[in-house]
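To start, the structure itself, in structure tokens.
All heavy atoms count here, side chains included; hydrogens, waters and symmetry mates do not.
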Amino acid sequence: MEETLEDPPTSAVLLDHCHFSQVIFNSVEKFYVPGGDVTCYYTLTQHFIPRRKDWIGIFRCSLNHIPQLLSSPDTGRSWHQVGWKTTREYYTFMWVTLPLDLNSESAKQQEVQFKAYYLPKDDEYYQFCYVDQDGVVRGASIPFQFRPENEEDILVVTTQGEVEEIEQHNKELCKENQELKDSCVSLQKQNSDMQAELHKKEEELETLKSTNKKLEQQVKAQKDHWETELLQLKEQNQEMSSENEKMGVRVDQLQAQLSTQEKEMEKLVQGDQDKTEQLEHLKKENSQLLLTLTQQEQHQKKLEQTVEQMKEEEMTAVKKQRELTDENSGLSKTLNENKIICNVLQREKERLERENDLLKRENSRLLSYMGLDFDSLPYQAPTSDQGGAGQNPGLVFGNPYSGIQESSAPSLLAMKRCPTCKSDFADGIFDHTLEQQHMQTLCLNCPVCDKTFPAKEKQIFEDHVFCHTL
């Protein structure tokens, strides 16, 4: 059976499920002469498309069904009619050649050549079978044999022209025969000369025999020596045989290990293919992830730019807030001072109104005492030229008690100084309530934790409030 580098694809599928009519074998002889190459001609049907791993094999037929196949070859479709069950039972095979253009008419007519070395040597019946790369039979030929031609099987049919050619050939042969006779005479003369030469050679042969006898004696002695060595070699051969048996057992073990490793190798190859597919899938996923990562990085850059803008806006807002806080603090301080001044002036006004009422009652009392009516006296508005701060309007001759009041009452211009800010206030109006309001204007209270800071530590107060916003 053929020894190949790669076995063809076969299948254990029964031939009942095959399609024998898709490839038709043409010009199949009843027998082929051993020792020569065999060319197999076949035709591809219209709907059949050959593939790269398709092959044509020679299969051995069963002798019980040869008469049926020879009488009606188109009926040989099942395995019990051809003598083999699966495509694994091929004797030899050849790969098919793929046509360049499947649509052309020449592509349908194909052929393969089997070398004589790989063909069967017996006279059993065989047949061609076309097997695709899935191991399915697509076509089968009629049976044939490998045997020489028999003379009884040859029927010679000649024509008049062939007869004339044969007669001409006979004349040429007669002429050649005469030439051979002349040559024979010359050869006889040469033979006599050779006889004389032979006698001379016989004499030389006798000399050689004597020499040969001496050599035989030497050979006998050498033979005895060789026999002794042969015995030694036989003993060594026995030892080598025992070692060879051991090596045979070892070889069987190694072959078993080799078959196991081949099976493991097939599993590893299959696993490698699966991992290759997984790797391709992971590469696709990786490319998609890289694309997504690039988009995310671009989005992150935009976010970082937005964050930077927001930080700048926040710093601007914080700076503006500080300015507004400073401005608000200044306005608050001014407002508080204005409120204090307003309250002081309001109290001063009330005090003056009370003093004015007292003076009016005193004037009324004096006028009644003097027998004058207050309402009948003309009113004179007080001027800056009239007699001092103690004079009151409505008195013609002034207040007779003004000197006493001025000497006995405390001075309205007496001032009191704040111990914190060193500001001056009227002593009569700087009571406890105003003192608390004035102290509140000099202190800064945290609106979050109610912590109090001196007014001169305004920057520390602003930093403290800003820490609550972080």
Side-chain angles (χ1 to χ4, degrees), residues 1-23 40 42 44-59 79 84-104 106-108 110-115 118 128-140 250-303:
M1 190 173 294
E2 180 184 4
E3 296 291 331
T4 60
L5 297 177
E6 182 180 3
D7 293 332
T10 58
S11 174
V13 177
L14 297 179
L15 302 184
D16 291 333
H17 304 284
C18 298
H19 305 280
F20 288 79
S21 61
Q22 294 183 347
V23 178
C40 173
Y42 61 96
L44 304 176
T45 58
Q46 183 178 1
H47 300 291
F48 179 73
I49 299 176
R51 292 181 289 180
R52 187 174 63 87
K53 287 291 185 177
D54 293 358
W55 55 282
I56 294 177
I58 297 179
F59 292 78
W79 65 271
W84 48 276
K85 297 180 181 180
T86 65
T87 55
R88 296 176 181 174
E89 300 178 25
Y90 65 91
Y91 183 87
T92 186
F93 77 98
M94 289 293 295
W95 299 109
V96 301
T97 303
L98 293 179
L100 298 177
D101 186 7
L102 294 175
N103 297 324
S104 63
S106 60
K108 302 298 181 182
Q110 298 292 323
E111 65 181 60
V112 294
Q113 189 177 46
F114 291 86
K115 297 296 181 181
Y118 300 105
F128 297 117
C129 287
Y130 189 103
V131 184
D132 64 9
Q133 69 177 17
D134 297 327
V136 179
V137 179
R138 300 296 180 179
R250 179 60 179 168
V251 167
D252 293 336
Q253 294 176 355
L254 292 176
Q255 287 180 350
Q257 293 179 0
L258 181 61
S259 61
T260 305
Q261 291 178 356
E262 287 178 351
K263 293 179 180 179
E264 293 179 354
M265 182 64 70
E266 292 177 356
K267 293 180 180 179
L268 291 174
V269 169
Q270 184 65 31
D272 185 47
Q273 293 177 354
D274 296 338
K275 289 182 178 180
T276 304
E277 294 176 356
Q278 293 178 1
L279 181 60
E280 293 295 332
H281 182 66
L282 289 174
K283 285 182 179 178
K284 292 180 180 179
E285 290 184 352
N286 190 18
S287 61
Q288 295 177 356
L289 290 175
L290 287 175
L291 180 60
T292 305
L293 181 60
T294 304
Q295 295 175 354
Q296 290 181 353
E297 287 178 352
Q298 294 176 354
H299 184 63
Q300 185 178 0
K301 289 181 180 179
K302 293 181 180 179
L303 290 177

- Message: Tell me if the centroids of the rings in Phe114 and Tyr91 come within less than 6.0 Å of each other.
- Response: no
- Task: Return the minimal non-hydrogen interatomic distance between Thr97 and Gln110, and the atom names on each side.
- Result: O-OE1, 3.7 Å
- Message: Within the 4.5 Å heavy-atom criterion, are Val137 and Phe59 side-chain neighbours or not?
- Response: no
- Shortest non-hydrogen contact from Ile56 toward Cys40: CG2-SG, 4.4 Å
- Do you know which two heavy atoms are closest between Leu44 and Tyr130, and how far apart they sit? CD2-CE1, 4.4 Å
- What heavy-atom pair brings Val96 and Val112 nearest, and what distance separates the two atoms? CA-CG1, 4.3 Å
- Query: Of all heavy-atom pairs between Gln133 and Arg52, which one has the smallest distance, and what is that distance?
  - Reply: OE1-N, 4.3 Å
- Where at least one partner belongs to residues 271-284, residue pairs that pass side-chain hydrogen bond (donor to acceptor under 3.5 Å, both in side chains), sequence neighbours excluded: His281-Glu285
- Note on the structure: Heavy-atom nearest pair, Asp132 first then Trp55, reads O-NE1, 4.0 Å
- Message: Consider side chain to side chain contact (heavy atoms under 4.5 Å, CB included). Of Arg138, His47, Gln46, which one does Gln22 pass it with?
- Response: Arg138
Distance-only donor-acceptor hits, side chain of residues 290-301, under 3.5 Å, sequence neighbours excluded:
from	atom 1	to	atom 2	distance (Å)
Thr292	OG1	Gln288	O	2.9
Thr294	OG1	Leu290	O	2.7

For residues 257-267, dump all side-chain donor-acceptor pairs below 3.5 Å to protein atoms at least two apart in sequence or in another chain.
from	atom 1	to	atom 2	distance (Å)
Ser259	OG	Gln255	O	3.4
Ser259	OG	Ala256	O	2.6
Thr260	OG1	Ala256	O	2.9

- Any donor-acceptor N/O pair, Asp134 side chain to Val136 backbone, under 3.5 Å: no
- Message: Could you check whether any side-chain heavy atom of Phe93 comes within less than 4.5 Å of a side-chain heavy atom of Ile58, counting everything from C-beta outward?
- Response: no
